[in-house]
**Q** 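I'd like to ask you about the structure that follows.
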Amino acid sequence: MSYILLLLATLAWSFVGVLVKTASTMVDSSIISFARFFFGVICLVIYLFIRDGKVQIRLGMKWIWIGAIGKAANYVAENIALKIGYSYGNILVQPVQTVVLMLAAGLLFKEKISTRGWMAAAFCVAGVIVVGWNGTPLNELAQGGGLTTLLFTLAGIGAAVHVLSQRMLLKTMDNGNMNLSVFLMSTLIVVVPIPIQSHGFIGPITVWAWGALVLLGVITGLSFFWFAEAIKRVPLAVVAIVGNCTVLFTILWSYLFFRDPITIYIIGGTLIFVAGILMLNFPMPRRNVKKPSAYVHSK
């Protein structure tokens, strides 16, 4: 069952780009950000009520606010970039998140970063650069062609901040109520600018677009549970390999559903940063047993 949950989380995350692209045919990115949190909160409330018979919301903690701001920034930047770019573009979020978490581990938590860690970070950065470049002439990049890469980089930083908040909050809260509190606060954050900034419905109202909005919320609300339950019993090596298959599925879906162009630069850059992430997370046999990495995944 744990392997099924891991596969479900991996597949769910791989469909995010396609679902955002589908929803953007009906509503703008502001509404998509709100829907991802709103429907996610509804899913969490239903799940926790079935599981515990109650929900516990705590909004007065510093790390709840920090995590909510980070996750809101993650979704807002990611949704804008997916709307204007290709549906596979959010593959850049994970390597950026990995590098930021590694730097935070060294700077904030004073954890020693090994040579392997620095090499992994270099691979991640190199892969992001190759994917972001994608063979585009430098003069076009200078004129704004790198906007989506910048937005996905900001999304990765926001995702990393959210993961850091989870690390701090899990010391005093259970996973379910922690995510509910963070996502509820994120909902309130992203809803504030909607009356001023959003254009609301910008295209035809379709069942597919509504379905995409709801499914994005389900992924937000439940995929973290699936992944958290899976890593309790699945070997870390398997988690690292299967979890990073997300990017490969994402590219596959983007081609199958939208015929997005998959260039040699996209494939090459993806292989480079996946190698970096695996290098950081894959357990290596050593005489001195080290603590497993905490940078495997977050969506």
Side-chain angles (χ1 to χ4, degrees), residues 6-7 9-22 24 74 77-102 116-142 144-157 159-160 219 237-282 293 295-299:
L6 177 61
L7 183 60
T10 300
L11 288 175
W13 289 329
S14 72
F15 276 107
V16 166
V18 168
L19 292 174
V20 170
K21 204 72 175 176
T22 301
S24 67
N74 169 207
E78 182 179 57
N79 292 336
I80 294 173
L82 284 170
K83 180 175 175 59
I84 64 178
Y86 294 121
S87 60
Y88 59 74
N90 61 332
I91 62 174
L92 297 180
V93 172
Q94 188 181 347
V96 172
Q97 172 190 291
T98 300
V99 173
V100 173
L101 286 175
M102 192 193 73
R116 185 167 64 125
W118 287 115
M119 290 177 61
F123 271 79
C124 286
V125 172
V128 169
I129 290 174
V130 172
V131 173
W133 169 44
N134 197 20
T136 305
L138 295 180
N139 62 324
E140 290 185 24
L141 285 176
L147 176 60
T148 55
T149 301
L150 174 61
L151 287 169
F152 284 125
T153 300
L154 294 175
I157 294 172
I219 291 171
V238 177
V239 173
I241 294 172
V242 177
N244 284 287
C245 286
T246 298
V247 298
L248 304 179
F249 283 121
T250 299
I251 293 173
L252 175 63
W253 307 146
S254 70
Y255 177 76
L256 292 178
F257 287 96
F258 294 108
R259 297 296 180 190
D260 288 342
I262 310 300
T263 67
I264 189 65
Y265 301 99
I266 300 299
I267 296 173
T270 299
L271 293 176
I272 292 171
F273 72 65
V274 166
I277 296 172
L278 288 174
M279 186 185 301
L280 188 62
N281 287 283
F282 207 91
S293 170
Y295 315 132
V296 175
H297 219 299
S298 174
K299 268 289 175 186

**Q** If I take atom CZ from residue F15 and atom OG1 from residue T10, how far apart are they, to the nearest 0.5 angstrom?
**A** 12.0 Å
**Q** Step by step, work out the side chain to side chain contact (heavy atoms under 4.5 Å, CB included) result for V16 and E78.
**A** CA-CA 10 Å; V16 166; E78 182 179 57; 4.2 Å; yes
**Q** Can you tell me how far OG1 of T246 sits from CG of L11, rounded to the nearest 0.5 angstrom?
**A** 8.0 Å
**Q** So, using ring-ring contact (aromatic ring centres under 6.0 Å, His included) as the criterion, who are the partners of Y255 when residues are at least two apart?
**A** none
**Q** Applying the side-chain contact (heavy atoms from CB on, under 4.5 Å) criterion to V96, which one of I157, L101, T149 satisfies it?
**A** I157
**Q** Specify whether W253 and F257 have parallel, tilted or perpendicular ring planes, treating 30° as the upper limit for parallel and 60° as the lower limit for perpendicular.
**A** perpendicular
**Q** Residues two or more places apart in sequence or in another chain: which of them pass side-chain contact (heavy atoms from CB on, under 4.5 Å) with T22?
**A** V18, W208, A212, F258
**Q** Can you run down the side chain to side chain donor-acceptor pair (under 3.5 Å) pairs that involve residues 261-280, sequence neighbours left out, and say none if there aren't any?
**A** N134-T263
**Q** Locate the shortest heavy-atom distance separating P95 from V128; write the atom from each residue and the value.
**A** CG-CG2, 3.6 Å
**Q** May I have the list of side-chain donor-acceptor pairs in residues 80-89 shorter than 3.5 Å, sequence neighbours left out?
**A**
{"residue": "K83", "atom": "NZ", "partner": "S24", "partner atom": "O", "Å": "3.4"}
{"residue": "S87", "atom": "OG", "partner": "D260", "partner atom": "OD2", "Å": "2.7"}
{"residue": "Y88", "atom": "OH", "partner": "P261", "partner atom": "O", "Å": "3.3"}

**Q** Mind listing the closest non-hydrogen atom pair of A120 and G276 along with its distance?
**A** CB-O, 3.1 Å
**Q** Of all the heavy-atom pairs spanning A155 and V93, show the shortest one and how long it is.
**A** CB-CG2, 3.9 Å
**Q** Applying side-chain contact (heavy atoms from CB on, under 4.5 Å), name anything that partners I264, two or more places apart in sequence or on another chain.
**A** none
**Q** Taking side chain as C-beta onward, heavy atoms only, is F273 less than 4.5 Å from I91?
**A** yes
**Q** Partners of A121 by side-chain contact (heavy atoms from CB on, under 4.5 Å), sequence neighbours excluded?
**A** V99, M102
**Q** For I267, which residues count as a side-chain contact (heavy atoms from CB on, under 4.5 Å) partner, sequence neighbours excluded?
**A** I262, L271
**Q** Looking at CG of N90 and OG1 of T148, how far apart are the two atoms once the value is rounded to the nearest 0.5 Å?
**A** 11.5 Å
**Q** So, do L19 and I219 sit near enough that their side-chain heavy atoms are less than 4.5 Å apart?
**A** yes
